[in-house]
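Below, chains carry the letters A, B, ... as their sequence lines are ordered, and counting in each starts from 1. Side chains are part of it too, since the values below use all heavy atoms of this structure and drop only hydrogens, waters and symmetry mates.
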Amino acid sequence: MEYNFQEIEQKWRKFWAENKTFKTEENKDKKKFYGLDMFPYPSGAGLHVGHPLGYIASDIFSRYKRLQGYNVLHPMGYDSFGLPAEQYAIQTGQHPAITTEANLKRYREQLDKIGFSFDWDREVRTSDPSYYKWTQWIFKQLFNAYYDYDANKAVVIDELIAKFETEGNTSVNAEHNCEIEFTAEEWKAFDAKKQSDILMDYRLTYLADSWVNWCPALGTVLANDEIVNGVSERGGHPVEQKLMRQWSMRIKAYAERLLTGLEKVDWTDSIKDIQRNWIGKSTGASVRFALENGAGNIEVFTTRPDTIYGVSFMVLAPEHELVAQITTEEYKEQVEAYQKAAGLKSERDRMSETKNISGQFTGAYAIHPFSGEKIPVWIGDYVLASYGTGAVMAVPCGDQRDYDFAKHFDIAIKNIFEDVDISEAAYAEKSGTIANSDFLSGLEVKEAMAKAIAAIEEKGLGKAKVNYRLRDAVFSRQRYWGEPFPVYYENGIPKMIEDEFLPITLPEVDKYLPTEDGEPPLGNAKTWSWCINKKILKDNEKQNGTCTWPMELNTMPGWAGSSWYFLRYMDPSNENEFVAKDKVDYWQNVDLYIGGAEHATGHLLYARFWCKFLYDLGFVPFDEPFKKMINQGMILGRSSFVYRVKDTNTFVSFGKRKDYQTTRIHVDINIVDNDKLDVEAFKNWRPEFANAEFILEDDGTYVCGHEVEKMSKSKFNVQNPDDLVEKYGADTLRMYEMFLGPIDQAKPWDTKGINGVHNFLRKLWRLFHDAENNVVISEGEADKKALKTLHKTIKKIHEDLERFSFNTGVSAFMIAVNELTELKCNNKEILESLTILLSPYAPHIAEELWTKLGHEAGTISYATFPEFKEEYLVEDAFAYPVSFNGKMRFKAELPTSMSKEDVEKEVLAMEQSQKYLEGKAPKKVIVVPGRIVNIVV
RNA sequence: GCCUAGGUGGCGGAAUUGGUAGACGCGCUGGAUUCAAAAUCCAGUUCUUUCGGGAGUGUGGGUUCGAUUCCCACCCUAGGUACCA
């Protein structure tokens, strides 16, 4: 066998592992490079070909950086807490840790086969107590901090307490949801519970009531994801909105910095846009509308205070706390019915259903703060409780949703814009002149805005305000398989367990479901109470109301562990700190982060938030975790289908299926090759097909149909990398995954082309060997043409790597090998450089060829990236494409040194030009030297 | 609904700053080699055509000497939409 990839790859995998070729140490004499992958959740299905796409890209880039002399940190680990293992535990009773361990092992085996240059000594697992000890520790830091807007950073809570003790809270400028004001004296007079409650309103992680999708039948909270058409995906049970006491993260405090921080990171504009829109900064004013008969106030946030005279009704979210209070007897029944119906809808449904306008009048009226008019108060599900104040002042002439609502319910639409027709639609532009608005009439929108805000502030109705769509993030989960909180409740007051007793490890439970009283799964734990004297967990019976108290029953969400893991890789086994100062000072933030764009508003926002927080407290020296990011696209599966003739066991080939009534059936892609079904394998696939009969194409084959769709077990279209590594080798897989297309685009997985890449590697092998597989390499000066090929390739590979265009890089290698084969080049100098260039993409074969070129084993990983020399590429003639009216007609070979004028003269004089000019004089001639000639006739 | 991305031959894709549309690979067709096959090598391969040419990058319009590339409107597909990770 000539290119024996199996032998070669096995050899080098072993070599790298035994020699720890990719072990990384801090080295102050070398520039550092930190290349990171989003770590995987180890699912039971194992790694499929979509996973390695990003890993291969980052591995190529990390290897490239090593060749450039960087000290490279390139680690891998696992986001090993998560729902699937818990779901499996619920079904089978098997502890999620066991499932997870088994899955991890499989992932590792699969990863090992692909030739990644990870430093496995740095592996982390979020579900490992030695890891989540520090997740709990960070949670405690958040609990013990608040956000001070004067310092514009997080500050330890002790400083806030000190302020309360000396000045109360009136002069405190902090992010909070504290509704009362108090003096120092009052503060000191509050009891412990009251003080705790007030501090809770300032802490960066805090307990508060949040709306959740509650499914009473399942006794659990559901993600929007798990709800289909208003009922639970599992079981089809009804779901309702419920307020629940939960931990939240005061990420809102960081809204502005999360926004401005985007300017200094090198991410795609699309991800930045997604985050910007998610944060959703808007400026305007908060305004209080008094209710009729002194029944209180409705506070709204509006971005258009200038349109306040256009208000003709108000709308509250159905869940708004005032609704019950203000609804009149007459409308009570309808309002409650409406609230109930709205409560059954998910937030997403409510936002999507813009065509079905719904709402209900409450019978209550507010008083317009300027005109004194009576304004009806409605409830409507287009107003969301979680955004702004959960109430809007509706200005139908200026907002399309308000307009539609008004039309639907026949509410008056007041036009407050000069010379604007609103008979068909609202006028939502932020320009024009305001009319019919008393003191605002005649003003431009901008001036009216300023004046309206001034008047609102003057009358004490509200103030200018910046609002963010970003909501504080709920941090509690009613699940088992997550980090337990290091929290117990002493007389209902949450208390943190001291650092030296961390980690608080997950307790054993006999079942993983919620308890019968609807408590989270940890409610099933028997030993889940904290003794404040002995500082240990005790059995729940020991709870005594004096020194042994109940522990928190929720666990942390999936994003807790993943919000800081990139720091732990720097110092994975440190038992005293989450990361040592000198290590984080050396490695700094991630230079290149590769992962999916689907994390734009989750993980990527939370990780930034925690990083800024840790920066504020002086734990890390940077406030953005990921300097540069590339988002890899999803890999879709290509399913194959057979067509069963109705009510028979006969299968008709794709080309003839239209002649019959057929049912399309997914068929395992492993028994299909280039759409041709292996008929015998199909008969053996399942018993029911053993006696299958076939109607074949005229050439005697059975052709399958195909479709590109999500890769999934049930569709029999999952490609796992192991089979491909087995069949073609890891180097082929690596290059093929890159060759598929641009890294950032979704693309279908199809193994049809993998042969081409494999052939390329064989062709490369043949450059070094004769027909009998003996190494034949010539020494001495290289041929000029070969040098040109080489340097063209160096330039291309370098440029393509710099712009993360891995697919075009593979093409460049193919072109190079094709050209060198044509030249019969086996020159050592050329092949050496080519081997180094290729080594990031195909490391195993590169290692093998490198030793054949006479180098020491293993040294190619730290070789020097070849230098590009322009001189080998200089051309003295260029074939100008000559266009007439932009249409290319012929080429004219002319010296590159020729002036613009001479090119024009030469081209016009050519016989072919005369043909297209048809005797007429050209209207215009454009010559771009070294590029193109265009003649306008 | 909203936010983001994408749409180019039979297929994956290339065209980096507005300058030769279809690089490279697959597939397909024909040929060489072979007893035969595999492998390999060579040639061809956007569509259409009266063989002069004509059309062509989701659709319709615009800017330009010139548009896959820029602008406007629309259609389709994918991802996200706050408890999937």
Given the side-chain rings of [X] and [Y], with only the six-membered ring counted for Trp, is the space between their centroids under 6.0 Å?
{"X": "A:Y41", "Y": "A:Y78", "answer": "no"}
{"X": "A:F475", "Y": "A:W559", "answer": "yes"}
{"X": "A:Y132", "Y": "A:F81", "answer": "yes"}
{"X": "A:H758", "Y": "A:F5", "answer": "yes"}
{"X": "A:Y403", "Y": "A:F405", "answer": "no"}

Counterpart residues, salt bridge (Lys or Arg N to Asp or Glu O under 4.0 Å), relative to A:D402 (two or more places apart)
none
Base orientation of B:rG9, syn vs anti, 90° cut from 0
syn
Glycosidic class, syn or anti, of B:rG27 using a 90° window around 0:
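This nucleotide is in anti.
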With [atom1] as the reference atom in both, quote the distance from [N] to [M] in angstrom, rounded to an integer.
{"N": "B:rU45", "M": "B:rG10", "atom1": "P", "result": "15 Å"}
{"N": "B:rC70", "M": "B:rG7", "atom1": "P", "result": "11 Å"}
{"N": "B:rG27", "M": "B:rC11", "atom1": "C1'", "result": "7 Å"}
{"N": "B:rG61", "M": "B:rG53", "atom1": "C1'", "result": "28 Å"}
{"N": "B:rU68", "M": "B:rG62", "atom1": "P", "result": "15 Å"}
{"N": "B:rA21", "M": "B:rU46", "atom1": "C1'", "result": "10 Å"}

When we call it a touch if two heavy atoms are under 4.0 Å apart, what does [X] touch: a base, just sugar-phosphate, or nothing?
{"X": "A:P40", "value": "nothing"}
{"X": "A:V936", "value": "sugar-phosphate"}
{"X": "A:I271", "value": "nothing"}
{"X": "A:W559", "value": "nothing"}
{"X": "A:R469", "value": "base"}
{"X": "A:K796", "value": "base"}
{"X": "A:G558", "value": "nothing"}
{"X": "A:H603", "value": "nothing"}
{"X": "A:Q246", "value": "base"}

Restricting to ring-ring contact (aromatic ring centres under 6.0 Å, His included), what partner residues turn up for A:Y88, sequence neighbours left out?
none
Please give, in whole Å, the distance from B:rG79 C1' to A:M38 CE?
13 Å
Take the protein atom NE2 of A:H599 and the nucleotide atom P of B:rA82, then report the distance between them rounded to whole Å.
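Computing the A:H599:NE2 to B:rA82:P distance gives 16 Å.
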Say you draw a straight line from NZ of A:K252 to OH of A:Y468; how long is it, rounded to the nearest 0.5 Å?
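Interatomic distance, A:K252 NZ to A:Y468 OH, rounded to 0.5 Å: 10.5 Å.
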So if I define the base as every atom that isn't primed, P, OP1 or OP2, how would nucleotides 17-25 of chain B read as a B/S/- string at a heavy-atom cutoff under 4.0 Å?
--BBS-BBS
Please produce a list of atom pairs where a protein N or O lies less than 3.5 Å from an N or O of nucleotides 47-49 of chain B.
none

Using the closest heavy atom to pick a nucleotide of RNA chain B for each, name whichever of A:F39 or A:R471 lands nearer the 5' end.
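Of the two residues, A:R471 wins.
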Would you list the atom pairs, donor with acceptor, under 3.5 Å between side chains in residues 922-935 of chain A and any protein atom, with sequence neighbours excluded?
{"unit_1": "A:N934", "atom_1": "OD1", "unit_2": "A:G886", "atom_2": "N", "d": "3.0"}

Partner of B:rU50 by Watson-Crick or G-U wobble geometry, both contacts under 3.5 Å, or none?
none
Do NZ/NE/NH1/NH2 and the carboxylate oxygens of A:E799 and A:K795 come within less than 4.0 Å?
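Yes, charged N to carboxylate O under 4.0 Å.
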Salt bridge or not for A:D209 and A:R245, using N-O below 4.0 Å?
yes
Check for a donor-acceptor pair, side chain of A:H769 on one end and backbone N or O of A:W765 on the other, with a separation under 3.5 Å.
yes
Check: A:T303 side chain, A:S282 main-chain N or O, donor-acceptor pair, under 3.5 Å:
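Checked: no pair found.
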Looking at RNA chain B, which of residues 476-483 of chain A put a heavy atom within less than 4.0 Å of it?
A:S476, A:R477, A:Q478, A:R479
